Amino acid sequence: MTTINETDALFFDRLELDPARLDGIIGEALARADDGELFLEYRQSESLVLDDGRLKSAGYDTTQGFGVRAVDGDVTGYAHGSELTEEAIAEAANTVAAVCRGHGGRFAAPAPRTNRSLYEPLNPLALVPFETKTRLLMEMDAYGRSKDPRVRQVIASLAAEWQAVQLLRPGGERMGDIRPLVRLNVTVVVEQNGRKETGSHGTGGRVSFERFIEPDAWRATVDEALRQALVNLESQPAPAGEMTVVLGPGWPGILLHEAIGHGLEGDFNRKQTSAFAGLVGQRVAAPGVTVVDDGTIADRRGSLTIDDEGTPSQCTTLIEDGILKGFIFDRMNARLMGTASTGNGRRQSFAHKPMPRMTNTYMLAGAHDPEEILASVDRGLYAVAFGGGQVDITSGKFVFSCTEAYRIENGKVGTPVKGATLIGNGPDALTRVGMVGNDLKLDPGIGTCGKDGQSVPVGVGQPTLRLDNLTVGGTAV
């Protein structure tokens with residue numbers, strides 16, 4: 001791959017490590033293993049937060065380290081350290097080799113190779129001066145306040161990281177990747193007649209800051225946050241009960257990600273703890289519902305040229321026209337289930353072992369115009385944006401709070417409401433999809449997913465959807 005030379009400079013030339021000697025250490029440690037690798041990481045990160053016109057915090061951090069993994073069946077030995085020396089790596093390798101003593105493993109086949117690159121190996125932290133970034137945040141604050149006299153507070157933030165990784169497997173197999181990641185966020189607080197409301201919006205991706213410094217880009221982000229805040233200022237208590245719910249396109253796909261996507265990860269299905277376990281080939285959703293996990297979209301937040309096990313990412317069809325087609329896998333769970341990795345082996349950092357995780361998970365577009373979908377609802381809820389939620393992977397039960405929602409009355413979008421929650425069961429909700437819109441949209445690049453204490457960047461998306469007979473929790477009497 002083209003990034004091997006760049007990562008060699010970071011891990012071998014800079015630190016005076018010898019890849020041939022490391023290959024010998026890893027080869028000896030994993031001689032009886034079924035799988036494993038040495039994972040090297042170098043990461044720079046930066047964050048700036050402006051609150052009420054003042055720079056509230058600014059942080060810059062550099063981390064580096066390694067992780068050594070040995071896999072024996074479904075048992076994993078993992079050791080990591082921040083001292084990138086041959087001695088430290090050898091000690092860690094000797095430690096993890098203990099899980100394979102007495103085991104005569106047949107080492108798993110190497111991952112496919114790729115020359116594809118889904119993002120430029122640039123360093124967003126170095127391309128734009130610190131002064132330019134702080135000036136941008138100040139301009140966002142001033143612009144937000146100038147738009148409406150009801151604005152009381154503007155919080156603007158920039159965050160970026162530059163991650164370089166290289167994986168080494170026995171036999172001299174090496175793979176590298178350099179991953180940029182940026183995010184711009186703004187929160188606006190408005191007040192009217194003693195009532196305060198908030199709106200937030202963000203954007204990001206595996207690109208440089210330069211894209212967001214353009215006035216058209218950052219002004220659109222501030223405008224959207226202000227629009228949400230003003231909508232919430234006019235909101236009324238949400239209705240409660242069982243009703244038709246229309247989900248807007250884009251970010252509402254977070255419900256799909258949480259309530260359904262996690263249940264399609266390979267580890268939960270291998271252990272038979274997912275509500276979808278054993279259902280491949282069966283109908284699990286209404287006709288017209290097709291869900292994919294696609295890590296191959298250029299510059300997207302959840303995309304990866306290679307995953308954290310060195311496997312090239314791919315577009316995996318999980319549900320096709322309502323039929324469950326398969327799951328997303330890392331190497332270990334794929335091997336144990338007799339299939340191949342889908343390029344979804346991900347880890348938060350060198351201090352974490354990989355596991356199957358989503359990349360960009362979304363539902364494909366259908367045939368219906370969004371206005372047609374809304375017109376088909378006499379009384380219901382139109383949910384445009386979501387905040388926090390909780391999901392039980394085993395049962396599929398979920399509760400999600402809406403941060404922007406409206407009543408639907410006689411086929412028209414009506415009064416904005418506050419305090420609405422969606423309550424249901426992920427697999428059951430898939431069967432309640434009555435109409436799928438033709439307006440597929442991906443989120444603006446702000447998603448982060450947590451699992452087993454690890455967080456990774458992800459993307460979500462969907463078209464407008466109509467869900468029939470879903471339970472809505474509200475405060476209206």
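Being a predicted model, the structure only gives us computed values, none of them experimental.
For the atom pair Leu181 CG and Tyr119 OH, the distance stands at 10.0 Å (nearest 0.5 Å). Atoms CG and CZ, on Leu184 and Phe212 in that order, are 7.0 Å from each other to the nearest 0.5 Å. Annotation: the span from Ile89 atom CD1 to His80 atom NE2 amounts to 14.0 Å, rounded to 0.5 Å. Annotation: the span from Ser117 atom OG to Ile306 atom CD1 amounts to 10.0 Å, rounded to 0.5 Å. Put simply, CG on Leu137 and CD1 on Ile155 are 12.0 Å apart, with the number rounded to the nearest 0.5 Å. Here the straight-line distance linking atom CG of Leu247 with atom CG of Leu256 works out to 9.5 Å at 0.5 Å rounding.
Applying the side-chain contact (heavy atoms from CB on, under 4.5 Å) rule to Asp13 yields the partners Ala9; only residues at least two apart in sequence or on another chain are considered. Under the side-chain contact (heavy atoms from CB on, under 4.5 Å) criterion, Ala92 pairs with Phe66, Val68, Ala79, not counting sequence neighbours. Residues forming a salt bridge (Lys or Arg N to Asp or Glu O under 4.0 Å) with Arg300 (at least two apart in sequence, or on another chain): Asp443. Qualifying side-chain hydrogen bond (donor to acceptor under 3.5 Å, both in side chains) partners for Asp267, counting only residues two or more places apart in sequence or in other chains: Lys451. For Leu336, the side-chain contact (heavy atoms from CB on, under 4.5 Å) partners at least two apart in sequence or on another chain are Asp74, Arg270, Met332. Listed by chain and residue number, Arg195, Lys418 satisfy the side-chain hydrogen bond (donor to acceptor under 3.5 Å, both in side chains) test with Glu197 (two or more places apart in sequence, or in another chain). Every residue meeting the side-chain contact (heavy atoms from CB on, under 4.5 Å) condition with Glu139, not counting sequence neighbours, appears here in chain and number order: Arg135, Trp218. Scored by the side-chain hydrogen bond (donor to acceptor under 3.5 Å, both in side chains) test, Glu83 finds Thr85 as partners (sequence neighbours excluded). Under the ring pair (Phe, Tyr, Trp, His ring centres under 6.0 Å) criterion, His201 pairs with no residue at all, not counting sequence neighbours. Listed by chain and number, the residues in a side-chain hydrogen bond (donor to acceptor under 3.5 Å, both in side chains) with Thr421 amount to none (sequence neighbours excluded).
Classification of Asp52 and Arg145 as a salt-bridged pair holds, one side-chain N sitting under 4.0 Å from a carboxylate O. With salt bridges taken as basic N to acidic carboxylate O contacts below 4.0 Å, none links Asp308 and Arg357. Between Arg69 and Glu309 there is a salt bridge, with a side-chain nitrogen of the basic residue lying less than 4.0 Å from a carboxylate oxygen of the acidic one. In this structure, Arg346 does not pair ionically with Glu265, as no charged nitrogen and carboxylate oxygen lie closer than 4.0 Å. Under the 4.0 Å criterion applied to side-chain N and carboxylate O atoms, Lys353 and Asp330 are not assigned as salt-bridge partners.
Formation of a donor-acceptor pair under 3.5 Å by the Ser274 side chain with backbone atoms of Gly263 is found in this model. Of the possible polar contacts, one joining the Thr221 side chain to the Ala217 backbone as a donor-acceptor pair under 3.5 Å is found. Listed for the Arg331 side chain is a donor-acceptor partner under 3.5 Å among the backbone atoms of Ala109. A distance-only check finds no donor-acceptor pair linking the side chain of Asp392 to the backbone of Lys397 [under 3.5 Å]. In this structure a side-chain-to-backbone donor-acceptor pair under 3.5 Å is present from Gln272 to Asn269. Listed for the Ser47 side chain is no donor-acceptor partner under 3.5 Å among the backbone atoms of Ala159. Side-chain N or O atoms of Thr305 include one that pairs as donor or acceptor with a backbone N or O of Leu118 at under 3.5 Å. Thr273 contributes a side-chain N or O that, together with a main-chain N or O of Phe268, makes up a donor-acceptor pair within less than 3.5 Å. Listed for the Trp162 side chain is no donor-acceptor partner under 3.5 Å among the backbone atoms of Pro124. Using modelled atom types, one side-chain atom of Asp23 and one backbone atom of Gly172 make a donor-acceptor pair closer than 3.5 Å.
You'll find the side chain of Gln64 reaches within 4.5 Å of the side chain of Arg14, heavy atoms only. The side-chain heavy atoms of Phe209 and Glu46, taken from C-beta on, include a pair separated by under 4.5 Å. Residues Leu422 and Val472 have side chains in contact (heavy-atom distance under 4.5 Å, counting atoms from C-beta outward). Between Tyr362 and Val292, the closest side-chain pair of non-hydrogen atoms falls below 4.5 Å. Two residues are said to be in side-chain contact when any heavy atoms from C-beta on lie closer than 4.5 Å; Val182 and Arg211 fail this criterion. The shortest distance between side-chain heavy atoms of Arg466 and His368 does not fall below 4.5 Å. Annotation: side chain of Leu264 is in contact with side chain of Leu324 (closest heavy-atom distance under 4.5 Å). The side-chain heavy atoms of Val391 and His262, taken from C-beta on, include no pair separated by under 4.5 Å.
Within the structure, the side chain to side chain donor-acceptor pair (under 3.5 Å) test picks out the following pairs touching residues 334-345 (sequence neighbours left out): Asp293-Asn344, Thr342-Asn344.
Under the 30°/60° scheme for interplanar angles, the aromatic rings of Phe329 and Phe327 are found to stand perpendicular.
Judged purely by distance below 3.5 Å, without hydrogens or angles, the side chains of Asn232 and Thr198 never pair a donor atom with an acceptor atom. Side-chain atoms of Ser313 and Arg116 include a donor-acceptor pair closer than 3.5 Å. Residues Gln166 and Asp8 have side chains that bring a donor and an acceptor to within less than 3.5 angstrom of each other. Counting only N and O atoms by type, the side chains of Gln314 and Thr316 include a donor and acceptor under 3.5 Å apart. In this model, no donor atom of one side chain and acceptor atom of the other lie less than 3.5 Å apart for Arg183 and Ser157.
For the pair Arg219 and Tyr143, the cation-pi test (distance below 6.0 Å, angle within 45°) is passed.
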Would you check, one step at a time, whether the test salt bridge (Lys or Arg N to Asp or Glu O under 4.0 Å) holds for Arg179 with Glu41?
CA-CA 11 Å; Arg179 304 161 177 170; Glu41 179 187 17; over 6 Å; no
Salt bridge (Lys or Arg N to Asp or Glu O under 4.0 Å) for Asp61 and Arg43? Distances and angles first, verdict last.
CA-CA 8 Å; Asp61 189 34; Arg43 187 194 304 249; over 6 Å; no
Test side chain to side chain donor-acceptor pair (under 3.5 Å) on Asn360 and Ser303; report intermediate values, then the result.
CA-CA 7 Å; Asn360 304 298; Ser303 294; 2.9 Å; yes
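Scanning both residues, Phe276 and Pro427, for their nearest heavy atoms gives CZ-CG, 3.7 Å.
Crowding of Met138 atom CE: a count of heavy atoms from other residues, nucleotides or ligands under 6.0 Å not exceeding 12.
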Please table the atom pairs, donor to acceptor, closer than 3.5 Å between any side-chain atom in residues 455-464 and protein atoms at least two apart or in another chain.
residue: Gln462; atom: NE2; partner: Gly248; partner atom: O; Å: 3.2
residue: Thr464; atom: OG1; partner: Asp439; partner atom: OD1; Å: 3.4
residue: Thr464; atom: OG1; partner: Asp439; partner atom: OD2; Å: 2.7

